[in-house]
Amino acid sequence: MAGILVYALHSDEGEFNNNSLGAISEAAKLAGEVGGDAAALVVGDVDDATAAGLGKYGAAKVYRASSAPEGLAQPIVDAMAKVITDEGFSYALFGGGLLGFEIGAGLTARLGAGVTMEVTAVKADGGKLIAERPVLQDSAIVDVGYVSEPGIIIGRLNAFDAQESGGGDAEVVDVDVELSEWSTKATMVTRGESGDEGGVNIEDADILVGAGRGLGGPENLNVAEELAGALGGAVASTRAIVDAGWTPYATQIGQTGKTVAPKLYLAAGISGAIQHKVGMQSSENILAVNKDPNAPVFEFADLGVVGDLHKILPKLTEAIKAKKGG
Ligand SMILES: Cc1cc2nc3c(=O)[nH]c(=O)nc-3n(C[C@H](O)[C@H](O)[C@H](O)COP(=O)(O)OP(=O)(O)OC[C@H]3O[C@@H](n4cnc5c(N)ncnc54)[C@H](O)[C@@H]3O)c2cc1C
């Protein structure tokens, strides 16, 4: 059976990761074009109803490998490799994120497959999938096809939207996976989330206030935090302020940080270096506040305000609070 297999990451509370749900939705849209179904693989402790619920996003079947622990790449490589080989899947699709990259790379080596990383879109042509991948610091997109099966496709974070397809429960199939000897060398001690600012994960936030060196120092971060709080969003960072120790790495946007695509990205005191731009340029609306009218950020901002952020941001925060009724 040809088809697309997606690895669906879940938290200890049984909630599926949004990028995984996006990958299942994407697979469901494309599976018919390659003559098969979209299916998901879950590992660890997932109850029947939770696993079957992935049908809502378009998974026809959910393979459950309970012997593989969640969160460690190698056991999941074992499980993905077994299901792909036994069931004859043509493609494996990952939603992105560090674990997806690690599993995807391991799976590629294990199966001698072809892999495309940082994929932002997937299309079908002549019964085969083509992955679209930005290159040259996102200034061009290349189409990547596969000369053999399976093809491994690893999405960029937030590349695929999680959409309910209107489907019912997926069929849940338990698979026995014998873990490789090396896969059991590492054990999971504890799992936790980082990157939650004020309870909002920056990758999921609809509104981000990007904080840059123009804030002047860590003591001024509250200016950005208060604005983000008034907007119901979160604070993201440039590498300059992460390297300076003002904010944690989990909030860094850019080439060596996270990729985000919120509805609004408000860049405050950010110059707009290419390495930052590649992480936020897909935002729906980009608003920049910078005192330098020649700052590169104004070249790609939808709306630019030239001025001192210390004057503008507090006024904006007050205005938003007033509009929201205090
Ligand atoms: C290999 C490599 C990877 C990198 N990866 C990343 C990455 O992932 N993410 C990333 O962000 N960077 C990355 N960088 C660094 C990047 O090149 C820039 O140095 C960085 O993004 C600059 O951060 P910034 O905009 O906060 O600071 P700056 O470039 O110093 O800009 C500060 C801006 O604030 C403005 N400003 C100052 N005071 C005020 C004020 N009172 N009001 C309003 N505006 C004010 C200034 O006009 C200026 O434009 C990378 C660099 C390299 C070489």
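Counting starts at 1 for both ligands and their atoms, in listed order.
Residue-level contacts of ligand 1 at the 4.0 Å heavy-atom threshold are G212, R213, G214, T238, R239, A240, Q252, I253, G254, Q255, T256, G257, G269, I270, S271, A273, Q275, H276, N290, K291, D292, G307, D308, L309, H310.
Here the side chains of F94 and F101 are not in contact, with every heavy-atom distance at 4.5 Å or above. Side-chain contact between I84 and L111 is present, with at least one heavy-atom pair separated by less than 4.5 Å.
One finds no salt bridge joining K291 and D308 here, because no Lys/Arg side-chain nitrogen approaches an Asp/Glu carboxylate oxygen to under 4.0 Å.
Contact record, I207 with L231: CD1-O, 3.4 Å, taken as the closest heavy-atom pair. Here the closest heavy-atom approach between residue S165 and residue G55 is recorded as OG-O, 3.8 Å.
For K128 and Y146, the positive end is not near the middle of the six-membered ring at less than 6.0 Å and at most 45° from its axis.
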